[in-house]
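Notes follow once the structure below has been shown.
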Amino acid sequence: MLYADLLIHSAQVMVTMKGHSGCPARGEGMSEIGLIEDGAVAIREGKIVAVGTTEEVLASGLVGPETRRIGAQGKVVSPGFVDPHTHVIYAGSRENELSLKLRGVPYLEILKQGGGILSTVRSTKQATDGEIKAQTSRRLQTMLSLGTTTVEVKSGYGLTLDEEMRALRLIKELNHEQVIDLVPTFMGAHAVPPGFSEEEFTDYIIEDMLPNVAAEGLAEFCDVFCEPGVFSVNSSERILSKAKQLNFKLKIHADELDPAGGAELAAKLSVTSADHLLQASDEGITALAKQGVIAVLLPATSFNLAKNSYARAREMISAGVPVALATDSNPGSSPTESMPLVLTLACLYLRLTPEEALTAATINAAHAIGRANEVGSLEVGKQGDVLILDIPNLNYLPYHFGNNPVGTVIKRGNVVWDSKIFDRQTT
Ligand code: IZC
Ligand code: ZN
């Protein structure tokens, strides 16, 4: 008899997200989180082998004398968070932009003046591979400690073929070296570098970058910053259509700062996810729902841009758009690694319930990066990526903010982070 390696038992409540692996949750389905009181989950060789009440899992015959047991009495157990939109592969930082922002200089104006994304392109180009990896590893470790067990990472601070390929190769290396799982996205269409017109740079992406990235198999998704003044709807469509021909899955930064029909384009191309969407039109939202495009909402970016403007999440959920949440972790518009902060902001400003927010941060986020068969829920056969949250109930998660609610992070059945060990090391 092969017994489980690990048993987590006696959870006050366990959130399983059961039943959403085939299709992302939408509408009222986003509130169905598969709660089990006195919950337990057993893991063998990295995969979940039993889920149920503690009594049921103990009676399964899968728990033996060698099984390590962790009690979660009085705590909440959930799937690891999935962060489906980040730009964490870079060197440097941009705290100098804070004073500009406070003086009212818009985000895109900073970019136009050669700062913003272009400033991170310069600091990344000057850094060695080792420096970029060391800085990115720190961010990934912070993410893991805050409960993120799978994260999407976009290139886009290279903007030349060689530099974009370098970033994607480093993502691949980090994926092998780090505990957290990375899903790579090619985003050469992040900004137009000096010396190019938008059309010239679009041609360069289509003719040089995309075929080379595809040939080396370095990215699963292709993404575009579709925004007036960056890449138009027309350029975005050209890039994403070429990417589709080359078998990339598609994502789009759509309708973030100004309305431009990005959501409509997302629906037309049947992309996997359309992200940001603050300025999406009513027609755009209806079209996303019809095509089953996932809206990845990024409330930490809205918060950090400090314009009191958030995506219309309630209308999206009512219209039947599946909603996911992400940090948008990047050195400009969202310098944070914290999914717990995103959950709080999603409840307060997107008006999601704690149940909807958790669905959006786990199983729907897994769908947004093509990983719903592996992660995002606690179901037999899935990866043993589990969080023991040091909170007494679900409402407590968005309620007590600015701290880390994560007690223990389990990745593929191994304890990879524990707040108690961390306490001992620092005191
Ligand atoms: O570095 O500002 N929005 N890309 C699109 C970003 C933000 C990242 C950045
Ligand atoms: Zn982004």
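Just so it is clear, the structure is predicted and the values come from calculations on it, not from any experiment. One-based numbering, in listed order, for ligands and for the atoms of each.
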- Message: Taking 2.8 Å as the cut-off, does His276 contribute an N, O or S atom near the Zn ion (ligand 2), distance below it?
- Response: no
- Item | SB check Glu152 Lys251 (cutoff 4.0 Å) | no
For a quick test of your reading: what N or O donor-acceptor pairs under 3.5 Å do the side chains of residues 285-303 make, sequence neighbours left out?
| from | atom 1 | to | atom 2 | distance (Å) |
| --- | --- | --- | --- | --- |
| Thr286 | OG1 | Asp282 | O | 2.9 |
| Gln291 | OE1 | Ser270 | OG | 3.0 |
| Thr301 | OG1 | Asp328 | OD2 | 2.8 |
| Ser302 | OG | Ser309 | O | 3.3 |

- Message: Report the atom name of the nearest N/O/S atom of His253 relative to the Zn ion (ligand 2).
- Response: NE2
- Are there more than 12 heavy atoms of other residues, nucleotides or ligands under 6.0 Å from atom NZ of Lys244? yes
- Task: Please work out the angle at the Zn ion (ligand 2) defined by atom NE2 of His85 on one side and atom NE2 of His87 on the other, rounded to 10°.
- Result: 110°
For ligand 1, list every N/O pair with the protein closer than 3.5 Å, one pair per line with the distance.
| from | atom 1 | to | atom 2 | distance (Å) |
| --- | --- | --- | --- | --- |
| ligand 1 | 1 (O) | Arg94 | NH1 | 2.9 |
| ligand 1 | 1 (O) | Arg94 | NH2 | 3.3 |
| ligand 1 | 1 (O) | Tyr157 | OH | 2.6 |
| ligand 1 | 2 (O) | Arg94 | NH2 | 2.9 |
| ligand 1 | 2 (O) | Tyr107 | OH | 2.5 |
| ligand 1 | 3 (N) | Tyr107 | OH | 3.1 |
| ligand 1 | 4 (N) | His190 | NE2 | 2.7 |

- Task: Check the pair Glu109 / Gln113 against side-chain hydrogen bond (donor to acceptor under 3.5 Å, both in side chains), numbers first and verdict last.
- Result: CA-CA 6 Å; Glu109 186 54 39; Gln113 292 170 6; 3.2 Å; yes
- Mind telling me whether Tyr349 and Tyr310 have parallel, tilted or perpendicular rings, with 30° and 60° as the class edges? parallel
- Query: Name of the Asp328 N, O or S atom nearest the Zn ion (ligand 2)?
  - Reply: OD1
- Could you tell me the separation between the CD1 atom of Ile317 and the CZ atom of Arg26, rounded to the nearest 0.5 Å? 12.0 Å
- Does the cation-pi check pass for Arg139 over Tyr90, that is, NZ or CZ under 6.0 Å from the six-membered ring centre and within 45° of its axis? yes
- Query: Hey, is Lys18 close enough to Glu379 for a salt bridge, meaning N to O under 4.0 Å?
  - Reply: no
